[in-house]
S.K.: 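I'd like to ask some things about the structure below.
Treat the numbers as computed from the prediction; the structure is a model and nothing was measured. Indexing begins at 1, ligand by ligand and atom by atom, following the structure's order.
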Amino acid sequence: MQAKTPSESIAVLTDLVLPGETNPLNNLFGGELLARMDRAASIAARRHSRRITVTASVNHVAFNRAIPLGSVVTIEAKVSRTFKTSMEIYIDVWIEDRESGIKNKANEAIYTFVAVDETGRPVEVPAILPETELEKQRFDAALRRKQLSLVLAGKMKPNEATELKALFTE
Ligand SMILES: CC(=O)SCCNC(=O)CCNC(=O)[C@H](O)C(C)(C)COP(=O)(O)OP(=O)(O)OC[C@H]1O[C@@H](n2cnc3c(N)ncnc32)[C@H](O)[C@@H]1OP(=O)(O)O
């Protein structure tokens, strides 16, 4: 399988925040943002693998900034690292200023997707070759995040998480 670059998987979703999608403070409801990010991440995972992909885990979400009613929200998802059958997807969320058009970062998240066959069995995905400095940083840290996610899910013993242990012994 030929390796691909993160930019080949990029998925950008731009949409408005409408009244039915807000909380009592008139900001975008967190669950609505999670669903939008899941959609964008799913498209990125599918573009990289050209397979059916399923969400295996939401590894990290930071709701750093509230997103007010009426905002134009852009969600950009890209594969940051691949393993055997799983892919880490890094998602950046931007709000566009109405007058200037300038986009400001509002939130970010990291999801794990797995490529599966028609019966739902995991299948191998192409390797990834990060190009930019940011892509390389995200690639390098992804193994640590995968190990943390597996430990928290009870799928890896803490003493097997070599990358995590290295954080405390360096
Ligand atoms: C777009 C959507 O919303 S889809 C709907 C929501 N998602 C779903 O319904 C998925 C339901 N879950 C499943 O189908 C399965 O649990 C799967 C396919 C995710 C994993 O299947 P498993 O039988 O556990 O397979 P397995 O143990 O081989 O794991 C497959 C890969 O997922 C990784 N993985 C599994 N769980 C996690 C986790 N919590 N965090 C990080 N990676 C994980 C494994 O490390 C493995 O990665 P690798 O092959 O790259 O090393």
S.K.: Suppose we measure from atom 19 (C) of ligand 1 to each protein heavy atom; which comes out shortest, and what is that distance?
M.R.: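 The closest heavy atom on the protein side is Ala56 CB, 3.7 Å.
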S.K.: Starting from atom 21 (O) of ligand 1, what is the nearest protein heavy atom, named by residue and atom, and what distance separates them?
M.R.: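 Nearest neighbour among protein heavy atoms for atom 21 (O) of ligand 1, to 0.1 Å: Pro122 CG, 4.0 Å.
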S.K.: Near Ser57, which atoms of ligand 1 are under 4.0 Å from a heavy atom of that residue?
M.R.: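 Counting atoms of ligand 1 from 1, those under 4.0 Å from Ser57 are 38 (C), 39 (N), 40 (N).
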S.K.: Can you see which heavy atom on Glu88 is nearest to which on Arg138, and at what distance?
M.R.: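 Closest approach of Glu88 to Arg138: OE1-O, 4.2 Å.
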S.K.: Closer than 4.0 Å and a protein heavy atom, does any atom meet both conditions relative to atom 42 (N) of ligand 1?
M.R.: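 Flag for atom 42 (N) of ligand 1 set to true, protein heavy atom closer than 4.0 Å.
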S.K.: Could you tell me if Thr112 and Asn59 have a donor-acceptor pair between their side chains, going purely by distance under 3.5 Å?
M.R.: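 Yes.
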S.K.: Answer with yes or no whether the side chains of Thr74 and Thr14 bring together a donor and an acceptor at under 3.5 Å.
M.R.: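 Side chains of Thr14 and Thr74: pair found under 3.5 Å.
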S.K.: With atoms numbered from 1 as shown, which atoms in ligand 1 lie under 4.0 angstrom from a non-hydrogen atom of Ser149?
M.R.: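 Once the distances to Ser149 are compared, the set is 38 (C), 39 (N), 40 (N), 41 (C).
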S.K.: Taking the basic N atoms (NZ, or NE/NH1/NH2) and the acidic carboxylate oxygens, is any pair closer than 4.0 Å for Lys78 and Glu135?
M.R.: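 Yes.
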S.K.: Looking at every non-hydrogen atom in both residues, tell me the closest pair between Tyr111 and Leu34 and how far apart they are.
M.R.: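 In this case the closest contact between Tyr111 and Leu34 is OH-O, 3.0 Å.
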S.K.: Any idea which protein heavy atom is nearest atom 49 (O) of ligand 1, and the distance to it?
M.R.: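 It is Thr85 OG1, 2.6 Å.
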S.K.: Starting from atom 34 (N) of ligand 1, locate the nearest protein heavy atom and write down its residue, its atom name and how far away it is, to 0.1 Å.
M.R.: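 Ranked first by proximity to atom 34 (N) of ligand 1 is Leu150 CD2, 4.0 Å.
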S.K.: May I ask you to identify the nearest protein heavy atom to atom 14 (O) of ligand 1, giving residue, atom name and distance to one decimal place in Å?
M.R.: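 The answer is Val54 CG2, 4.3 Å.
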S.K.: Identify, by atom number and element, the atoms of ligand 1 in contact range of Ala153, meaning under 4.0 Å from any of its heavy atoms.
M.R.: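 So the atoms of ligand 1 that pass are 39 (N).
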S.K.: Protein heavy atoms near atom 12 (N) of ligand 1, is at least one of them under 4.0 angstrom away?
M.R.: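 Given the 4.0 Å limit, the answer for atom 12 (N) of ligand 1 is no, no protein heavy atom qualifies.
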S.K.: As a test of the contact definition, would atom 45 (O) of ligand 1 count as having a protein heavy-atom neighbour under 4.0 Å?
M.R.: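 Answer yes: something from the protein, a heavy atom, is under 4.0 Å.
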S.K.: Got a donor-acceptor contact below 3.5 angstrom from the Glu96 side chain to the Lys103 backbone?
M.R.: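 No: the side chain of Glu96 does not pair with the backbone of Lys103.
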S.K.: Would you say Lys146 has any N or O atom under 3.5 Å from an N or O of ligand 1, going by distance alone?
M.R.: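 Looking only at distances, the answer is yes, because the N/O contact criterion of under 3.5 Å is met.
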S.K.: Give yes or no for whether the N/O distance cutoff of 3.5 Å, strictly under, is met between Asp38 and ligand 1.
M.R.: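 Min N/O separation from ligand 1 is below 3.5 Å for Asp38.
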S.K.: Which atoms of ligand 1 are found less than 4.0 Å from any heavy atom of Lys155?
M.R.: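 Under 4.0 Å from Lys155, ligand 1 has these atoms: 35 (C), 36 (N).
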S.K.: So which heavy atom in the protein is nearest atom 1 (C) of ligand 1, and how far is it from that ligand atom?
M.R.: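 Here the closest protein heavy atom is Thr55 OG1, 3.4 Å.
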S.K.: Relative to ligand 1, is Val114 under 4.0 angstrom through side chain, backbone, both or neither, heavy atoms considered?
M.R.: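 Side chain only.
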S.K.: Heavy-atom contacts with Phe83 under 4.0 Å: which atoms of ligand 1 show up? List them by number with element.
M.R.: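 Those qualifying, in numeric order: 50 (O).
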S.K.: Could you tell me whether the side chain of Ser100 and the main chain of Ile102 form a donor-acceptor pair under 3.5 Å?
M.R.: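 Side chain of Ser100 to backbone of Ile102: a pair is present.
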S.K.: Does Arg145 pair with Asp140 as a salt bridge, N-O distance under 4.0 Å?
M.R.: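 No.
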S.K.: Would you say atom 4 (S) of ligand 1 has a protein heavy atom nearer than 4.0 Å?
M.R.: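 Yes, there is one.
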S.K.: Give me the nearest non-hydrogen protein atom to atom 50 (O) of ligand 1 as residue plus atom name, then the distance to 0.1 Å.
M.R.: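 Here the closest protein heavy atom is Ser86 OG, 2.7 Å.
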S.K.: Is it true that a side-chain atom of Arg47 and a backbone atom of Ile10 form a donor plus acceptor pair closer than 3.5 Å?
M.R.: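 At least one qualifying donor-acceptor pair exists.
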S.K.: So, for atom 17 (C) of ligand 1, does the protein have a heavy atom nearer than 4.0 Å?
M.R.: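 Protein heavy atoms within 4.0 Å of atom 17 (C) of ligand 1 - there are none.
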S.K.: Is it true that Arg36 and Glu21 make a salt bridge, defined as a side-chain N closer than 4.0 Å to a carboxylate O?
M.R.: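 Judged by the 4.0 Å cut-off on N to carboxylate O distance, Arg36 and Glu21 do form a salt bridge.
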S.K.: With side-chain contact (heavy atoms from CB on, under 4.5 Å) as the criterion, how do Asn27 and Ile67 come out once you've worked through the C-alpha distance, each side chain's angles and the decisive distance to 0.1 Å?
M.R.: CA-CA 5 Å; Asn27 294 318; Ile67 304 178; 5.8 Å; no
S.K.: Report the C-alpha distance between Asp117 and Ile52 in whole Å, list the side-chain angles of each, state the deciding distance to 0.1 Å, and finish with yes or no for side-chain contact (heavy atoms from CB on, under 4.5 Å).
M.R.: CA-CA 7 Å; Asp117 65 15; Ile52 299 168; over 6 Å; no
S.K.: Can you check whether a protein heavy atom sits less than 4.0 angstrom from atom 38 (C) of ligand 1?
M.R.: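 Yes; the ligand atom in question has protein heavy-atom contact below 4.0 Å.
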S.K.: For ligand 1 and Thr112, I'd like to know whether there is a polar contact (N/O to N/O, distance under 3.5 Å).
M.R.: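 Between Thr112 and ligand 1 (N or O atoms, distance only) the closest approach is not under 3.5 Å.
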S.K.: Show the nearest heavy-atom pair for residues Asn64 and Asn107, with the distance to one decimal.
M.R.: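 Distance-wise, the nearest heavy atoms are N-OD1, 2.7 Å.
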